[in-house]
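What follows is a set of notes on a single structure, which appears directly below.
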Protein chains: 2
Amino acid sequence: MFRIDLKSRKAIYEQVVDNFKEMIISGILKPDEKVPSVRELAKELTINPNTIQKAYRELESRGYFYSVSGLGNFVAAPSDKQDNSARINELKDTLKTALNELMYLECPKEEIMEILKDTALMREGETER
Amino acid sequence: MFRIDLKSRKAIYEQVVDNFKEMIISGILKPDEKVPSVRELAKELTINPNTIQKAYRELESRGYFYSVSGLGNFVAAPSDKQDNSARINELKDTLKTALNELMYLECPKEEIMEILKDTALMREGETER
DNA sequence: TAACTGTACTATAACACGTAGTACGGTTTG
DNA sequence: CAAACCGTACTACGTGTTATAGTACAGTTA
């Protein structure tokens with residue numbers, strides 16, 4: 001499914017959360033799709049089930065998963081997401097800070113524009129959804 | 001100078017690092033300007049001198065500070081910065097991830113464009129430096 | 001009933017963070 | 001030179017987080 005970097009400073013459960021978020025955002029995982037059980041994924045990644053459980057609980061509280069007792073955890077539909085305004089503001093701030101630092105480090109504007117294009121943000125004549 | 005949020009999950013020394021980086025990037029602190037001594041800033045922020053020292057060491061290793069023994073720490077000039085390619089790649093990745101999540105959360109494109117304009121990235125007819 | 005699933009605990013070890021205190025070398029000023 | 005700054009290095013301690021280990025219990029499916 002994905003890999004964990006044990007040498008990373010980032011906590012394992014956070015790496016699990018980030019990996020799932022990315023797969024959901026990019027559409028690799030579809031709404032209502034079942035994700036591996038806590039024990040199964042723990043076995044596959046050779047880490048403790050409790051660590052996976054913590055990640056899943058986090059993903060559920062952020063609206064990316066929903067869980068059914070006895071059945072498993074599933075990918076939530078985008079419309080099921082709760083209030084995003086706080087998270088959006090966080091991301092905007094992240095964006096500002098990263099852009100400012102990139103400019104300070106004299107990263108060519110063209111390289112930044114390239115990234116913007118890749119996110120479907122800059123394409124003209126396109127409407128979302 | 002700035003404030004520290006003791007209740008934040010972010011480590012104090014990281015908050016100090018981020019605050020200085022922001023002040024340097026935004027031009028509030030000029031090259032070769034002297035920053036408060038370790039003991040002085042620790043006193044002002046009511047935290048331990050060792051925590052400030054850790055932040056200053058970090059800032060020096062990243063090329064934002066240079067230190068002169070017996071004199072103090074100073075803001076480094078942008079040209080003094082060492083190899084940035086690794087950091088630039090990190091920032092590009094941060095950018096991509098944040099943009100993708102913003103799109104997923106259905107943040108209006110206009111709000112994102114607003115941020116881009118604020119970073120002097122999107123202004124036409126302007127040349128850097 | 002058996003074999004899955006999620007969930008909730010407790011306990012332990014390892015590590016990072018922040019604090020406290022001490023020490024030493026360099027620079028400036030009187 | 002001596003005092004008062006400066007940066008820097010080091011040890012030690014308390015605390016919180018992370019990850020692990022083990023156990024237990026409820027819901028679902030075959």
Side-chain angles (χ1 to χ4, degrees), chain A residues 1-21 24 29 31-76 80, chain B residues 1-21 24 29 31-76 80:
Chain A
M1 194 141 210
F2 51 79
R3 293 190 175 280
I4 292 299
D5 178 15
L6 293 173
K7 286 166 294 186
S8 167
R9 280 76 78 231
K10 188 180 275 184
I12 295 178
Y13 84 94
E14 279 186 48
Q15 294 183 49
V16 175
V17 168
D18 289 347
N19 270 302
F20 273 110
K21 268 177 60 179
I24 292 173
L29 293 180
D32 297 319
E33 188 173 338
K34 190 178 184 306
V35 295
S37 77
V38 168
R39 292 172 179 84
E40 189 184 335
L41 186 57
K43 199 175 178 184
E44 184 187 327
L45 299 178
T46 333
I47 56 183
N48 194 281
N50 286 331
T51 306
I52 304 293
Q53 190 200 346
K54 186 170 183 178
Y56 279 17
R57 202 188 309 145
E58 180 91 3
L59 284 161
E60 188 186 5
S61 79
R62 292 195 195 169
Y64 286 92
F65 276 11
Y66 65 90
S67 90
V68 183
S69 191
L71 278 183
N73 281 277
F74 303 84
V75 176
D80 291 348
Chain B
M1 193 142 211
F2 51 79
R3 294 190 174 279
I4 292 298
D5 178 14
L6 293 174
K7 286 166 294 185
S8 168
R9 279 75 79 230
K10 188 180 276 184
I12 295 178
Y13 83 95
E14 280 186 47
Q15 293 184 48
V16 174
V17 168
D18 289 347
N19 270 302
F20 273 110
K21 269 177 57 180
I24 292 172
L29 293 180
D32 298 319
E33 187 171 338
K34 191 178 183 308
V35 296
S37 78
V38 167
R39 293 173 178 83
E40 188 184 337
L41 185 57
K43 199 175 177 184
E44 184 187 326
L45 299 178
T46 334
I47 55 183
N48 194 280
N50 285 331
T51 304
I52 304 293
Q53 190 201 346
K54 185 169 183 180
Y56 279 16
R57 201 190 308 144
E58 181 90 3
L59 283 161
E60 187 186 5
S61 78
R62 293 196 195 166
Y64 286 93
F65 276 12
Y66 65 90
S67 89
V68 183
S69 192
L71 279 183
N73 282 277
F74 303 85
V75 176
D80 291 348

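Naming convention: chains lettered A, B, ... in sequence-line order (proteins, then strands); numbering from 1 in each chain. Below, all heavy atoms of this structure are taken into account, side chains as well, without hydrogens, waters or symmetry copies. Everything quoted here is computed from the prediction, not taken from an experiment.
- Contact check for A:Leu59 versus A:Asn73: no side-chain heavy atoms found under the 4.5 Å cut-off.
- For the pair A:Gln15 (side chain) and A:Asp5 (backbone), a donor-acceptor distance under 3.5 Å is present.
- Checking C:dC17, D:dC6, D:dG7 against every side-chain atom of B:Asn73, the shortest atom distance belongs to D:dG7.
- Following rounding to the nearest Å, B:Arg9 (CZ) and C:dC17 (P) show an atom-to-atom distance of 15 Å.
- In plain terms, the two heavy atoms of B:Lys34 and B:Leu71 that are nearest each other are CE-O, 3.4 Å.
- To the nearest angstrom, C1' of C:dG6 lies 10 Å from NZ of A:Lys34.
- In this model, the phosphate group of C:dT5 is not approached by any side-chain N or O of A:Ser69 to a distance below 4.0 Å at OP1 or OP2.
- For A:Lys43 and C:dC4, the NZ to P distance is 9 Å, given to the nearest whole Å.
- At a threshold of 4.5 Å between non-hydrogen side-chain atoms, the residues B:Leu45 and B:Phe2 count as touching.
- Looking only at side-chain heavy atoms (C-beta outward), A:Val17 and A:Tyr64 stay at 4.5 Å or farther from each other.
- Ring pair A:Tyr66/A:Phe74 is parallel by interplanar angle, where below 30° counts as parallel and above 60° as perpendicular.
- Regarding A:Arg39, its CZ atom lies at a distance of 10 Å from the P atom of C:dC4, rounded to whole Å.
- For residues 44-58 of chain A, proximity to DNA chain D is found at A:Ile47, A:Asn48, A:Asn50, A:Thr51, A:Lys54, defined as any non-hydrogen atom under 4.0 angstrom from a strand atom.
- When the P atom of C:dT7 is taken as reference, atom CD of A:Glu40 falls 16 Å away, rounded to whole Å.
- In this structure, A:Lys43 places its NZ atom where only 12 or fewer heavy-atom neighbours from other residues, nucleotides or ligands lie under 6.0 Å away.
- At whole-Å resolution of the value, OH in B:Tyr66 and C1' in D:dT8 are 18 Å apart.
- Here the side chain of A:Leu71 is nearest to one of C:dT7, D:dT29, C:dG25, namely D:dT29.
- Taking atom CG of A:Leu41 as the reference point, atom C1' of C:dC4 lies 16 Å away to the nearest angstrom.
- Distances shorter than 4.0 Å separate none of the side-chain N or O atoms of B:Ser37 from OP1 or OP2 on D:dC5.
- At whole-Å resolution of the value, CD1 in A:Ile4 and C1' in D:dA19 are 13 Å apart.
- Closest to the side chain of B:Tyr13, out of C:dG6, C:dC17, D:dA19, is C:dC17.
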